[in-house]
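Take a look at the structure set out below.
Since the structure is predicted, the reported quantities are computational estimates derived from the model, not experimental observations. By convention in this document, chain letters (A, B, ...) are assigned in the order of the sequence lines, proteins followed by strands, and residues within each chain are numbered from 1.
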Amino acid sequence: MDIDIDIRSTLFSGQSFLWNIIDYNGESYGSVINSVPVMIRQLSVGEIEVTAESNLISGRNLSEFFSHYFTVDIANNSVFPNSFQDLYPEVWELLSGYFSLKILRQDFFETMISFMCAQGIGMHLIRKQVSMLAKTYGEQRVLSLEERDLDLYNFPSPCHLAEADPTSLSRCTNNNRVRATNIILAAQSVADGTLDLNALRDPQLPLAELRNMLCQNSGIGYKIADCIALFGLGRFDAFPIDTHVKQYLAKWFGSSVALRSLSPATYLMLDAEARLFLNPDLAGYGGHQLFHCWRKEVKRLRSF
DNA sequence: CTCCAGGTGGCGA
DNA sequence: TCGCCACATGGA
């Protein structure tokens with residue numbers, strides 16, 4: 001009865017976990033992960049078993065969808081190169097409780113907007129912003145459970161955010177008007193096709209090009225672009241470097257570059273450094289496990 | 001009160 | 001290129 005999938009991985013609001021209408025092979029599925037019992041077991045690499053006690057979660061091909069969503073095609077023991085354990089035995093020991101932590105293949109737009117809310121503030125505030133965006137601009141979905149009703153909200157569509165007024169939207173972004181404006185502009189670029197999703201989703205697109213395309217939007221720098229690529233485009237080679245990653249690169253891997261301030265130039269240097277001891281194709285996947293390990297085991301932070 | 005939190009963009013030297 | 005600074009709020 002072991003559950004080998006750890007879903008604490010992202011998102012700030014948990015909207016993707018809580019409620020999401022998913023179109024899959026022309027059928028519509030709802031997923032309510034944290035509020036309604038959903039049993040997900042990984043039987044082997046690429047094989048998953050899903051049991052749900054909710055009529056919202058039903059339909060054929062359910063396991064197939066969740067296998068994709070929970071990236072069970074990425075074997076837990078394939079994330080780090082073989083040399084890692086020998087080179088960094090202390091880190092490996094700490095990491096042992098994090099190998100089941102999965103990155104999810106999440107919705108692109110929700111990921112983009114959520115990470116645009118994640119600049120220089122704490123996790124609590126980031127979640128609050130995304131929840132407010134959903135509640136203010138998303139569609140309400142009432143889920144009736146036996147004990148109570150849950151008010152849930154879809155993440156708003158690009159069109160809905162594109163039409164939003166900066167002043168009213170800024171109430172959802174810590175009253176930060178710049179951020180509100182950037183979100184509206186980004187939503188417009190998705191809605192009108194300026195940001196070409198088909199081009200972004202091309203797996204052959206080099207990471208640097210992908211990053212530069214995303215950075216055309218005001219409010220998106222290297223870090224946010226890498227987060228969008230990693231969590232919203234399934235680009236597990238993207239390695240976002242934030243304040244925590246910078247810290248563990250210095251402490252765990254002895255990077256002197258990580259002691260400098262995080263300018264675009266140092267960002268690219270750290271990115272290149274990390275690929276020397278991480279599996280380059282899964283650098284962000286491994287980096288995410290290191291990220292949570294660092295926050296919990298070293299920084300002793302409660303929230304993830 | 002001070003410092004930091006899953007950053008970005010504008011500014012002057 | 002590099003170091004500051006504003007942006008805004010809240011928890012430790």
Side-chain angles (χ1 to χ4, degrees), chain A residues 8-17 98 101 103-104 106 110-133 166-186 189 211-233 235-236 238-252 256-271 274 283-304:
Chain A
R8 68 185 137 177
S9 46
T10 316
L11 251 182
F12 298 120
S13 68
Q15 292 300 323
S16 280
F17 305 158
Y98 294 82
L101 200 157
I103 285 181
L104 312 184
Q106 294 171 117
E110 176 175 351
T111 304
M112 176 169 75
I113 302 302
S114 295
F115 278 98
M116 290 180 75
C117 294
Q119 299 173 342
I121 55 177
M123 205 74 94
H124 174 74
L125 277 179
I126 299 166
R127 288 205 170 96
K128 182 178 164 191
Q129 292 175 83
V130 181
S131 305
M132 284 186 70
L133 282 173
T167 303
S168 63
L169 194 143
S170 67
R171 289 188 293 110
C172 304
T173 58
N174 275 338
N175 301 314
N176 186 324
R177 203 186 164 81
V178 175
R179 181 176 301 153
T181 305
N182 286 338
I183 286 174
I184 293 168
L185 290 172
S189 72
R211 192 153 54 191
N212 289 336
M213 289 168 72
L214 291 169
C215 286
Q216 296 303 309
N217 297 273
S218 180
I220 298 179
Y222 285 164
K223 190 270 175 181
I224 303 297
D226 278 336
C227 284
I228 297 167
L230 178 64
F231 300 108
L233 293 168
R235 286 296 294 257
F236 304 135
F239 181 74
I241 301 165
D242 64 11
T243 174
H244 293 107
V245 174
K246 182 173 175 290
Q247 290 169 25
Y248 77 58
L249 288 175
K251 289 270 184 181
W252 280 348
S256 56
V257 180
L259 298 174
R260 301 194 217 163
S261 63
L262 194 52
S263 68
T266 51
Y267 188 101
L268 295 178
M269 289 171 69
L270 290 174
D271 182 75
Y285 212 105
H288 193 58
Q289 296 179 350
L290 288 164
F291 169 86
H292 279 287
C293 183
W294 172 260
R295 284 175 58 96
K296 188 128 189 237
E297 304 298 327
V298 179
K299 301 296 289 284
R300 300 287 173 189
L301 295 174
R302 248 191 96 254
S303 65
F304 40 78

When the [atom1] atoms of [M] and [N] are compared, how many Å lie between them, rounded to an integer?
N	M	atom1	value
C:dA8	B:dC4	C1'	14 Å
B:dC3	C:dC4	P	14 Å
C:dC7	B:dG6	P	22 Å

Please produce a list of atom pairs where a protein N or O lies less than 3.5 Å from an N or O of nucleotides 10-13 of chain B.
none

When rounded to the nearest 0.5 angstrom, what is the spacing between [atom1] in [X] and [atom2] in [Y]?
X	Y	atom1	atom2	result
A:K223	A:I241	NZ	CD1	10.5 Å
A:I220	A:D226	CD1	CG	11.5 Å
A:K246	A:T266	NZ	OG1	7.5 Å
A:L169	A:N182	CG	CG	11.0 Å

Provide, to the nearest angstrom, the distance between the [atom1] atom belonging to [X] and the [atom2] atom belonging to [N].
X	N	atom1	atom2	result
A:K246	B:dA5	NZ	P	10 Å
A:H244	B:dC3	NE2	P	18 Å
A:F231	B:dG6	CZ	C1'	9 Å
A:I220	B:dG6	CD1	C1'	15 Å
A:L262	C:dC2	CG	P	12 Å
A:I241	B:dG6	CD1	C1'	12 Å
A:R211	B:dG7	CZ	C1'	15 Å
A:R127	B:dA5	CZ	P	16 Å

Practice prompt. Let me know, please, whether A:K299 or A:C215 comes out on the 5' side of the other along DNA chain B by nearest nucleotide.
Written response: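 Result of the comparison: A:K299.
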Worksheet item: If each of A:G219 and A:V245 is mapped to the nucleotide of DNA chain B with the nearest heavy atom, which maps nearer the 5' terminus, i.e. the 5' end?
Response: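 Upstream on the strand: A:V245.
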Tell me what [X] touches on the nucleic acid: a base, only sugar-phosphate, or nothing, going by heavy atoms under 4.0 Å.
X	answer
A:S261	sugar-phosphate
A:R179	nothing
A:Q129	nothing

Practice prompt. State yes or no: are the ring centers of A:F291 and A:Y248 separated by less than 6.0 Å?
Written response: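 Distance test on ring centres: not under 6.0 Å, no.
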Worksheet item: Do A:H288 and A:Y98 make the cut of ring centroids closer than 6.0 angstrom?
Response: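 No - the distance between ring centres of A:H288 and A:Y98 does not fall below the 6.0 Å cut-off.
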Practice prompt. Kindly point out which of B:dA5, B:dG7, B:dG6 is positioned nearest to the side chain of A:Q119?
Written response: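 So the side chain of A:Q119 is nearest to B:dG7.
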Worksheet item: Where the side chain of A:I224 is defined as all heavy atoms beyond and including C-beta, which of C:dC7, B:dA5, B:dT8 is the nearest nucleotide?
Response: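 Per side-chain heavy atoms of A:I224, the pick is B:dT8.
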Practice prompt. Taking side chain to side chain contact (heavy atoms under 4.5 Å, CB included) as the test, write out the residues that go with A:A229, two or more places apart.
Written response: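 With sequence neighbours excluded, A:A229 shows a side chain to side chain contact (heavy atoms under 4.5 Å, CB included) to A:L210, A:R235, A:A238, given in chain and number order.
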Discussion item. Using the side-chain contact (heavy atoms from CB on, under 4.5 Å) definition, which of the options A:R127, A:Q129, A:M132 pairs with A:C117?
Written reply: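 Going through the options one by one, the only one that passes is A:Q129.
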So which protein N/O to nucleotides 9-12 of chain C N/O distances come out below 3.5 Å?
residue: C:dT9; atom: OP1; partner: A:N175; partner atom: ND2; Å: 2.4

Worksheet item: Within less than 4.0 Å of OP1 or OP2 of B:dA5, is there a side-chain N or O belonging to A:T243?
Response: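 Affirmative; the distance criterion is met.
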Worksheet item: Side chains of A:R179 and A:S170: does their closest heavy-atom pair fall under 4.5 Å?
Response: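 Heavy-atom side-chain distance check fails, nothing below 4.5 Å.
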Practice prompt. Describe, in one word, how the ring planes of A:Y285 and A:F236 are oriented to each other, choosing from parallel (under 30°), tilted (30 to 60°) and perpendicular (over 60°).
Written response: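 Perpendicular, since the angle between the ring planes exceeds 60°.
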